[in-house]
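Remarks on the structure that follows.
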There are 2 protein chains.
Amino acid sequence: MKNKIPPASVERLPLYLSCLGDLSAEKSRVSSEKLSSLAKVNSAQVRRDLSYLGTLGTRGVGYEITTLKNRLEIELGLVKGWNTIIVGVGNLGSALAQYDGFREKGFGVVGLYDVDPKKISSQVAGLVIKSTEEIEEDCKKYKVAIGIIATPAEFAQETANSLIACGIQSILNFAPFRLQNIGNVNIRNVDLSQELQVLSYYLDSPPV
Amino acid sequence: MKNKIPPASVERLPLYLSCLGDLSAEKSRVSSEKLSSLAKVNSAQVRRDLSYLGTLGTRGVGYEITTLKNRLEIELGLVKGWNTIIVGVGNLGSALAQYDGFREKGFGVVGLYDVDPKKISSQVAGLVIKSTEEIEEDCKKYKVAIGIIATPAEFAQETANSLIACGIQSILNFAPFRLQNIGNVNIRNVDLSQELQVLSYYLDSPPV
DNA sequence: GAGTGTGAAAACATTCACAGCT
DNA sequence: AGCTGTGAATGTTTTCACACTC
């Protein structure tokens, strides 16, 4: 049923959704040109991307904002909402636990886990931090779809392995380590220091 | 002088550098096959990427680890180190301020800024949070190269504008807003909720 | 024999430019 | 007249496969 959308397009769909939210509520329609200026991509790209979702626009007129929003949310699977857990409650993990953007888009954080006995039983963002040993039971109980890894690099792979063993479908990995994908899981890596290193490449070289 | 490396390759260079660090110190050489298994990319890709840096390997032998590391650090401009500042010291901003990965790769955080009077003058990660009004002076004083934006979406653009006005060369933007690039600045966006949304697309659709 | 470096092919992504609909 | 949807052109990235060197 699901007609395949190219990966590069999928990556931009959330962006369009977010840009639609920034639009004034007075307007009911938007053109590819307008969306393209908000999202900072070529307007032909916008039209091509949206065309993968079906025939949504009206020639000579543009796209109906509400319809487009709904369609994007359906396509991205945001309608139902998904449960997530965070493993590793250091600085980054607890910042993520408190990040409103997740909940706003329907991603509820239902569990926090750590190996540090000093952290276990304390609370962050209204959740009690539990031992990583409880992950498996909780994943089943709460039907967790996405696991967020915010552990140090050296524990990332074993964390991923146990998440996969629990039947988790997707992993968002913040640890600076390239996970091996046992099984058929979707993994996205966000490596903060790598982002800075890429920027560094494009910085003017220091004077000789 | 700088021969152009394709953007897709540049994005992988920090990954290779990180994988080299994971290698046992006993070995002095590494093959593209070995690197490819650590970085989880095709081995032809590794060889192609590294070939952009010059002729670094030895046929039949592999790459000298130390030489390769040095070359990558030079190419990425990590040798000298760069000063950064963080604007917006909420949960995410303060997690970033405390993130060791930045300092380890030579990115020193030299300033934290916020608009909230309750935060100003308090300390995070050994730094006093200052008013955003002090950004301009500090940027010049400390020769800041990279600005990290961790403000709410609604303040992201004005923050970017003032960073650009201060002569900052690159921006790492964590606010869920697509910045308009006034001037000739390099911008990278990291949108946490968008990452989850992309994963959501690939999740099994909820049963009907 | 082992493993790099790279032409050439294939796959993928972006952009142009315009026919076609409202 | 205005703006979408999309063939066709162009550009970029990945992968294959092998000549070449150590």
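A, B, ... follow the sequence lines: proteins, then strands. Residue 1 opens every chain. Since the structure is predicted, the reported quantities are computational estimates derived from the model, not experimental observations.
Regarding Ile65(A), its CD1 atom lies at a distance of 15 Å from the C1' atom of dC3(D), rounded to whole Å. With rounding to whole Å, Gln45(B) atom CD is found 15 Å from dG5(C) atom P. Rounded to whole Å, the distance from NZ on Lys4(B) to P on dG11(D) is 14 Å. One interatomic measurement links the two molecules: CD1 of Ile5(B) to P of dT14(D), which rounds to 14 Å at whole-angstrom precision. If you take CG of Leu56(A) and P of dC3(D), they are 18 Å apart, rounded to a whole angstrom. Counting to the nearest Å, the P atom of dT12(D) and the CZ atom of Arg12(B) are 15 Å from each other. Nucleotide dA13(C) holds its P atom 11 Å from the CG atom of Asp49(A), rounded to whole Å. The CG-P distance, from Leu35(A) to dC3(D), rounds to 13 Å in whole Å.
Among residues two or more places apart in sequence or in another chain, the side chain to side chain contact (heavy atoms under 4.5 Å, CB included) test is passed with Ser28(B) by Glu64(B). Every residue meeting the side chain to side chain contact (heavy atoms under 4.5 Å, CB included) condition with Glu158(A), not counting sequence neighbours, appears here in chain and number order: Phe155(A).
For Arg48(B), taking side-chain heavy atoms from C-beta onward, the closest of the listed nucleotides dG7(C), dG5(C), dT14(D) is dG7(C). The side chain of Pro6(B) lies closest to dT13(D), out of dT15(C), dC3(D), dT13(D).
Of the two residues near DNA chain C, Thr58(A) and Ser31(B), the one whose nearest nucleotide lies more 5' is Ser31(B). Checking Val61(A) against Ala8(A), the closest nucleotide of DNA chain C that is more toward the 5' end is the one next to Ala8(A).
For dG5(D), one of the phosphate oxygens OP1 or OP2 lies less than 4.0 angstrom from a side-chain nitrogen or oxygen of Tyr63(A). In terms of phosphate contacts, Asn42(A) brings a side-chain nitrogen or oxygen within less than 4.0 Å of OP1 or OP2 of dC16(C). Phosphate contact (OP1/OP2 of dA2(C), side-chain N/O of Arg47(B), threshold under 4.0 Å): absent. The side chain of Ser32(A) places an N or O atom within less than 4.0 Å of a non-bridging phosphate oxygen (OP1 or OP2) of dT4(D).
Here Ser43(B) lies out of heavy-atom contact (under 4.0 Å) with every strand. Residue Arg29(A) is out of contact with every strand shown, counting any heavy-atom pair closer than 4.0 Å. No engagement by Ser9(A) is indicated, since no non-hydrogen atom pair under 4.0 Å with the nucleic acid exists.
Considering only heavy atoms from C-beta on, Phe177(A) comes within 4.5 Å of Asp22(B) through its side chain.
Here Lys69(B) does not pair with Glu73(B) in a salt bridge; the nearest charged N to carboxylate O distance is not below 4.0 Å.
Judged purely by distance below 3.5 Å, without hydrogens or angles, the side chains of Glu33(B) and Ser37(B) never pair a donor atom with an acceptor atom.
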